[in-house]
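Please read the structure below before turning to the comments.
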Amino acid sequence: NISSVASREGVATYVIGGFVRDFLLDRGKPVDIDIVVVGSGIDIAKKVAASLPGKPEVNVFKNFGTAMIKHKNLELEFVGARKESYHHDSRKPVVENGTLEDDQKRRDFTINALALSLNETDYGTLLDPFNGISDLDNKIIRTPLEPGITYSDDPLRMMRAIRFATQLRFEIHRESLEAISAHKERINIISKERIVEELHKILLSPEPSIGFSLLHQTGLLHIILPELTALQGIEEIEGQKHKDNFWHTLEVVDNIAKATDDLWLRWAALLHDIGKAPTKRFDKKIGWTFHAHEFVGAKMVYKLFKRMRLPLNEKMKFVQKMVLMSSRPVVLSQENVTDSAIRRLVFDAGDHVDDLMTLCEADITTKNPKKQKRYKNN
Ligand code: CTP
């Protein structure tokens, strides 16, 4: 349909971005397909919609020059090929019409700049001016332009690089990683909502520690979640050391990721020890203590959620409760990870958040020794 409409109108169209990448990686069903039109994306979208059965509605975003059609559980996003230039203090580019290659050049990574032709003369041809295929094969995240330009143009891409590296288990090209470290402060022009969206995706990956160590290594983590980097390091007084609570946290997060897909349990695991940095103290008699770190940590969760514009609703309360009983995620990192009760608790968490919250509450407040025993053993 797109092909015949476009050829009738005499404009070239291409599928580009995530769809092509995921198709070549054989990565599940697509939800959205980006289509670049060398001409007006909005006009072609309207004509394509008119030619489809049921004539679906076209959502036009005039300011962005894009148009979207919902068709068979798919979102088709049409955009005119464009050339972009950026001002230093904004994510909003100055946009001009451009060629397909201009459009590929303005994209974040070579693996996201691959285009498939929809034109009748060369239908299905892959257009890959920046060696995206070779980067897909070698599992490399690389920018089409000099990385300093790509990241400075849109600093959210620093988070995206780390997110794709975590989701796909790809490596970030060395120069790219250096550019992220060099431009890390630019993350401050990005909205908290977008940063959190990337953090969610990193947390929902099979091995979230890949992303958090990259965030740490590049210095981004210190800017966005300083509560976590404050946990890093080991101190020694009178021959007594405590563990490095940052690396321990990453281990816990990976363990919990094996047990549950619940995003909020994963957040709870990430934050379960944040009260330890401000409460750390060396006591001559008992050594290192983190007295009441659970309570301090639960308060910190509230502040962190507020700062990151995360919803201050029952999900936040859930994370706070899990932090208050921070032994739960910790237990998962230890040898008794097979403890069936804890496993069940965690597995069920997605479906039974309310039950789990009641359990958490009971666990914290109950003075009944029978009940205490049950929560420990059952
Ligand atoms: N893109 C970009 N810079 C960004 C965001 C997006 O260059 N900051 C481009 C990339 O070519 C990307 C495409 O726009 O492939 C679509 O972006 P998006 O839908 O956010 O991501 P996907 O690549 O589709 O991946 P995912 O759906 O996993 O987020």
Side-chain angles (χ1 to χ4, degrees), residues 14-37 41 59 61 64-70 73-86 90-93 95 98 100-116 126-133 135-136 140-170 172 176 179-180 183 186-187 189-191 193-206 208 211 220 263:
Y14 303 86
V15 180
I16 199 161
F19 173 83
V20 184
R21 177 199 68 223
D22 289 345
F23 171 73
L24 293 168
L25 287 173
D26 204 7
R27 238 180 127 229
K29 274 201 173 159
V31 281
D32 52 21
I33 303 186
D34 294 317
I35 294 147
V36 169
V37 178
N59 295 304
F61 306 96
F64 297 99
T66 64
M68 198 266 282
I69 307 174
K70 277 201 181 140
N73 296 329
L74 275 178
E75 288 187 357
L76 303 173
E77 180 100 38
F78 291 78
V79 61
R82 54 166 99 166
K83 207 175 176 166
E84 289 183 347
S85 50
Y86 288 79
S90 166
R91 271 195 79 209
K92 291 209 176 68
V95 178
L100 171 69
E101 191 160 329
D102 288 330
D103 197 280
Q104 287 172 295
K105 205 183 279 176
R106 72 164 179 97
R107 293 187 177 256
D108 53 3
F109 308 115
T110 59
I111 60 165
N112 287 345
L114 293 161
L116 278 175
L126 190 73
L127 295 120
D128 177 20
F130 302 105
N131 297 318
I133 287 289
D135 287 342
L136 264 190
I140 292 173
I141 307 285
R142 189 200 313 258
T143 55
L145 299 175
E146 198 256 299
I149 300 174
T150 300
Y151 293 125
S152 189
D153 279 353
D154 176 1
L156 179 67
R157 291 168 170 171
M158 303 191 284
M159 298 286 301
R160 285 174 58 91
I162 292 175
R163 185 255 289 188
F164 284 118
T166 316
Q167 287 180 322
L168 305 174
R169 294 176 194 270
F170 276 30
I172 300 177
S176 226
I180 296 178
H183 294 273
R186 299 261 300 142
I187 200 66
I189 70 163
I190 300 298
S191 78
E193 288 81 355
R194 283 173 182 273
I195 293 175
V196 162
E197 213 178 292
E198 298 302 323
L199 286 174
H200 285 339
K201 288 183 179 174
I202 292 172
L203 269 176
L204 285 171
S205 303
L220 281 171
L263 174 65

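Each ligand, and each atom within it, is numbered from 1 in the order the structure gives.
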Option among I202, I172, I141 that satisfies the side-chain contact (heavy atoms from CB on, under 4.5 Å) test with F164: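 Of all the options given, the one that passes is I141.
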Using atom types as modelled and distance alone, determine if a side-chain donor or acceptor of E84 lies under 3.5 Å from a backbone N or O of D153.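 Not at all, since once roles are kept as given, no pair shorter than 3.5 Å links the two residues.
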Side-chain donor/acceptor of D135 to backbone N/O of T110, under 3.5 Å: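 No.
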Hey, which atoms in ligand 1 end up nearer than 4.0 Å to a heavy atom of [X]?
X: R163; value: 26 (P), 28 (O), 29 (O)
X: D34; value: 13 (C), 16 (C)
X: R157; value: 2 (C), 3 (N), 4 (C), 7 (O), 8 (N)
X: K201; value: 29 (O)
X: G18; value: 15 (O), 23 (O), 24 (O)
X: G17; value: 15 (O)

Can you give me the closest heavy-atom contact between P144 and Q104, atom names plus distance?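 For P144 and Q104, the tightest heavy-atom pair comes out as CG-O, 4.0 Å.
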With a cut-off of 3.5 Å and sequence neighbours excluded, list every side-chain donor-acceptor pair involving residues 18-26.
{"residue": "R21", "atom": "NH1", "partner": "N112", "partner atom": "OD1", "Å": "2.6"}
{"residue": "D22", "atom": "OD1", "partner": "R27", "partner atom": "NH1", "Å": "2.9"}
{"residue": "D22", "atom": "OD2", "partner": "R27", "partner atom": "NH1", "Å": "3.4"}

Please work out which of V20, I16, D32 has its closest non-hydrogen atom nearest to atom 19 (O) of ligand 1.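 Ranked by closest heavy atom to atom 19 (O) of ligand 1, first place is D32.
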Residues which pass side chain to side chain donor-acceptor pair (under 3.5 Å) with N131, listed by chain and number, not counting sequence neighbours: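 By the side chain to side chain donor-acceptor pair (under 3.5 Å) rule, N131 matches no residue at all.
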Quick one: look at M158 and ligand 1, take heavy-atom pairs under 4.0 Å, and tell me if it's side chain, backbone, both or neither.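 M158 to ligand 1: no contact under 4.0 Å from either part.
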Any N or O of [X] closer than 3.5 Å to N or O of ligand 1:
X: D154; value: yes
X: N112; value: yes
X: R27; value: no
X: R107; value: yes

Regarding D103 and R107, does a basic nitrogen lie under 4.0 Å from an acidic carboxylate oxygen?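 Judged by the 4.0 Å cut-off on N to carboxylate O distance, D103 and R107 do form a salt bridge.
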If we only count heavy atoms from C-beta on, is the D154 to D108 side-chain gap below 4.5 Å?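 Of all side-chain heavy-atom pairs linking D108 with D154, none is under 4.5 Å.
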